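Some notes on the structure that comes next.
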Amino acid sequence: MASDLLQGLNPEQRAAVTLPHQSALILAGAGSGKTRVLTTRMAWLIQTGQVSPQGLLAVTFTNKAAREMLTRLSALVPINTRGLWVGTFHGLCNRLLRAHHREARLPPLFQILDSGDQLSAIKRVMKAMNLDSERYPPKNVQHYINGHKEEGQRPSAIEPYDAMSRVLHDVYGAYEAQCQKEGVVDFAELLLRSVELLQTNELLREHYRSRFSFVLVDEFQDTNRLQYVWLKLLAGPQSAVFAVGDDDQSIYGFRGAEVGNMRDFERDYGLKEVIRLEQNYRSYGNILDAANALIRNNQSRMGKNLWTEAGAGEPIRIYEAYNDLDEARFVVEQVKSLQSEGMALTDVALLYRANAQSRVLEHALFGAGIGYRVYGGLRFFERMEVKHALAYLRLAANPDDDGAFLRVVNFPPRGIGARSLEILQSAAVASNTSLHQLAVALGGQTPQRGLTPSGKAGAGIKTFLQIIERLQTAADAVPLEELMVVMLEESGLTAHYRTEREGADRVENLEELVSAAAGFEHETELSDLAAFLSHASLEAGEHEAGPGDDALQLMTVHSAKGLEFKAVFVCGLEEGLFPHENSLNEVDGVEEERRLMYVALTRARKQLTLTRAENRMLHGQIRYGMRSRFIDEIPEALCKFLSAEPAPYAPKHTERYNAPRSSAPVERQPEMKRSESVPFSIGQSVSHSKFGSGVVLQYEGRGTDARVQVNFRDAGVKWMALHYAHLTAF
DNA sequence: TCAGAGGTAATTTTT
DNA sequence: TTACCTCTGA
């Protein structure tokens with residue numbers, strides 16, 4: 001019964017799920033049952049016969065979210081989820097381009113470059129153009145290229161305005177040509193190529209538009225310009241777009257996300273109403289009140305207020321540590337006490353702004369024997385040995401992939417030196433062929449160019465070509481799993497790592513690749529190599545797991561988005577760190593940091609603890625930061641300060657800042673230099689008539705030349721001449 | 001061809 | 001401080 005689906009939904013959720021065939025924006029607050037609404041809506045549409053599964057298109061950002069959607073959907077309605085158009089933007093683009101590779105001017109087995117592959121491809125282009133990578137850092141070039149692709153701009157659409165942009169523009173052009181020649185596409189290209197395909201091919205566009213009568217989008221606030229254009233192309237006038245998002249949780253502006261897409265969507269689709277999901281099923285009241293109060297400080301919002309039927313719960317706990325070591329010590333102590341109360345470590349998370357902060361925390365946890373797991377390391381398909389193995393496979397599928405060719409032509413070593421490769425590369429450029437084509441044409445001889453290349457290199461290349469040939473044959477003849485075994489054997493990768501002193505882990509990962517292939521065949525019922533390679537590029541796998549079982553969760557606030565924990569610690573709440581100092585100079589920077597803080601707070605179900613350190617080791621130097629403004633933005637009535645003695649009468653935060661320290665042992669003393677010419681000490685709180693309050697970081701010079709560096713709460717880090725600046729100590 | 005030196009930069013990240 | 005990259009010398 002379709003009405004069973006609506007059981008237990010609140011009125012807003014129900015309204016969203018049962019909306020008629022019209023476009024709508026659902027503002028879904030943290031913990032408001034967003035995924036439930038999304039999946040129930042799909043099930044509802046199918047069960048009420050408004051759409052067949054084929055007429056649905058649902059897009060997410062991560063594979064994890066897509067998987068979850070499919071699992072939950074198939075639990076609600078008995079349908080075969082295979083073949084459903086539910087996936088990530090990139091995954092769906094890949095599917096589209098595979099189906100129409102000819103129209104998209106791509107080879108049938110085009111390969112997908114991940115960011116690392118893209119960067120090496122860019123380096124290769126720049127080397128061929130003889131560009132100085134000091135003057136033009138490849139990372140910047142990558143940013144330039146991806147930025148323009150996300151704006152939908154090809155090189156032909158860009159007007160260079162100075163020498164620098166001329167160079168960038170030219171590299172972009174050359175990079176595109178190289179990718180096209182090699183039959184590879186990067187992530188942004190998947191989107192852009194799809195958009196162009198749909199723009200130019202009216203027949204195709206109309207086909208999909210009439211097919212997808214219902215389009216659903218998850219995390220709409222994270223879409224970039226190109227993704228929005230893509231959506232508009234696929235969702236025609238006959239389609240209803242159901243966009244779910246939360247502008248207050250937009251934390252990916254730095255990688256191109258446009259919250260503005262939400263307003264544009266309202267306008268472009270002439271939306272009559274916005275449905276707000278504000279009832280929260282995750283946290284206790286105090287936590288929500290804190291989050292609501294914090295986010296009210298942002299100017300640009302669509303507006304939303306979370307509430308709960310649960311009680312107020314515990315107050316927000318705040319600890320002001322003396323330094324980072326003390327902060328870690330405190331956290332460990334608290335985690336232990338939670339543990340003794342019977343809380344499982346998996347239910348506790350330590351969140352921080354920057355990965356570097358994990359080191360001190362890890363050290364303390366290790367010392368205390370508390371198991372933990374850090375998110376954010378290398379993922380399976382990003383490991384070097386796995387990338388090498390994949391390069392062999394890529395060559396079997398598409399031998400013109402020069403990137404893959406160069407990666408493994410001499411790995412394991414076959415005596416092919418840099419010199420031989422340089423000759424080969426320039427000859428390939430001259431004859432406008434791929435390295436593989438050229439090598440085949442030369443029959444294993446290295447081209448003669450001035451110096452005579454050794455016969456060893458020639459023999460090595462011959463061996464290499466034979467390996468590729470055997471893998472090509474195997475790819476057509478044997479199942480995926482067996483192909484892996486053949487590849488590891490033929491390439492000599494396993495043998496190579498076996499001889500290495502520290503190669504045991506790598507051998508293990510290579511063996512894991514065999515099971516990954518087996519699992520892939522089993523789960524997807526796909527046995528073709530191209531599909532597996534796409535999978536490897538589009539889904540790099542889980543983040544590295546630490547010691548398994550019951551482990552404390554350590555991660556950045558960014559990676560915590562979408563997750564929830566019974567107890568959450570947010571560490572490093574200092575000006576300069578959170579909000580990060582770099583954000584102070586960015587447009588919308590502090591507001592995005594505040595949204596990040598909002599995400600952090602709303603991860604907690606029962607207990608929320610905020611910590612800061614008055615000074616911490618950063619870049620090898622002791623840095624002093626003031627208490628984060630975000631702590632001050634939480635109403636004091638909701639807070640309980642654990643560090644200092646609470647003053648008997650309404651204490652000001654500034655007073656508390658200098659309040660007596662906890663008696664915790666202090667392992668590291670800050671330098672407290674004093675000099676007769678500079679009346680300030682490092683770490684001292686000062687105030688400035690224009691910039692407000694801050695902390696002295698360091699000083700130099702004496703007399704009228706004396707300068708001090710101050711970390712201001714609102715203005716960031718500044719150097720100022722003491723002679724002119726009027727600083728007062730307090 | 002590889003190991004060690006030296007220089008430099010140092011948010012956040014999915015695909 | 002540390003991690004990563006490039007360069008150099010054996």
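These figures come from a predicted structure and were not determined experimentally.
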- Task: Do nucleotides 7-15 of chain B as a string where each nucleotide becomes B, S or -: B if the base has a protein heavy atom under 4.0 Å, S if just the sugar-phosphate does, - if no protein is that close.
- Result: ---BBBBBB
- For F380(A), the ring-ring contact (aromatic ring centres under 6.0 Å, His included) test, sequence neighbours excluded, returns none
- Item | Inter- and intrachain pairs under salt bridge (charged side-chain N to carboxylate O under 4.0 Å, His left out), touching residues 123-147 of chain A, at least two apart | R124(A)-E182(A)
- Contacts of R67(A) that satisfy salt bridge (charged side-chain N to carboxylate O under 4.0 Å, His left out) - sequence neighbours left out: E539(A)
- Quick one: salt bridge (charged side-chain N to carboxylate O under 4.0 Å, His left out) pairs with a partner in residues 85-100 of chain A, sequence neighbours left out? none
- P-based separation of dC5(C) from dT12(B) [nearest Å]: 15 Å
- salt bridge (charged side-chain N to carboxylate O under 4.0 Å, His left out) with E362(A): which residues, sequence neighbours excluded? none
- Message: Taking dT14(B) as the reference, what is the distance to dA3(C) when you measure between their C1' atoms (whole Å, please)?
- Response: 23 Å
Tabulate protein N/O versus nucleotide N/O from nucleotides 3-10 of chain C, keeping only pairs under 3.5 Å, one per line.
unit_1: dA3(C); atom_1: OP1; unit_2: R359(A); atom_2: NH2; d: 2.9

- salt bridge (charged side-chain N to carboxylate O under 4.0 Å, His left out) partners of D248(A), counting only residues at least two apart: R301(A), K304(A)
Report, one pair per line, the protein and nucleotides 1-6 of chain B atoms (nitrogen or oxygen only) whose separation is under 3.5 Å.
unit_1: dT1(B); atom_1: OP1; unit_2: N410(A); atom_2: ND2; d: 3.1

- Do R383(A) and D505(A) meet the salt-bridge criterion of a basic N to acidic O distance under 4.0 Å? no
- By side-chain contact (heavy atoms from CB on, under 4.5 Å) - contacts of L563(A) (at least two apart): K64(A), M555(A), F565(A)
- Item | Partners meeting side-chain contact (heavy atoms from CB on, under 4.5 Å) with H143(A) (sequence neighbours left out) | none
- Message: Applying side-chain contact (heavy atoms from CB on, under 4.5 Å), can you list everything that pairs with E196(A), at least two apart in sequence or on another chain?
- Response: R154(A), L192(A), R193(A), Q199(A)
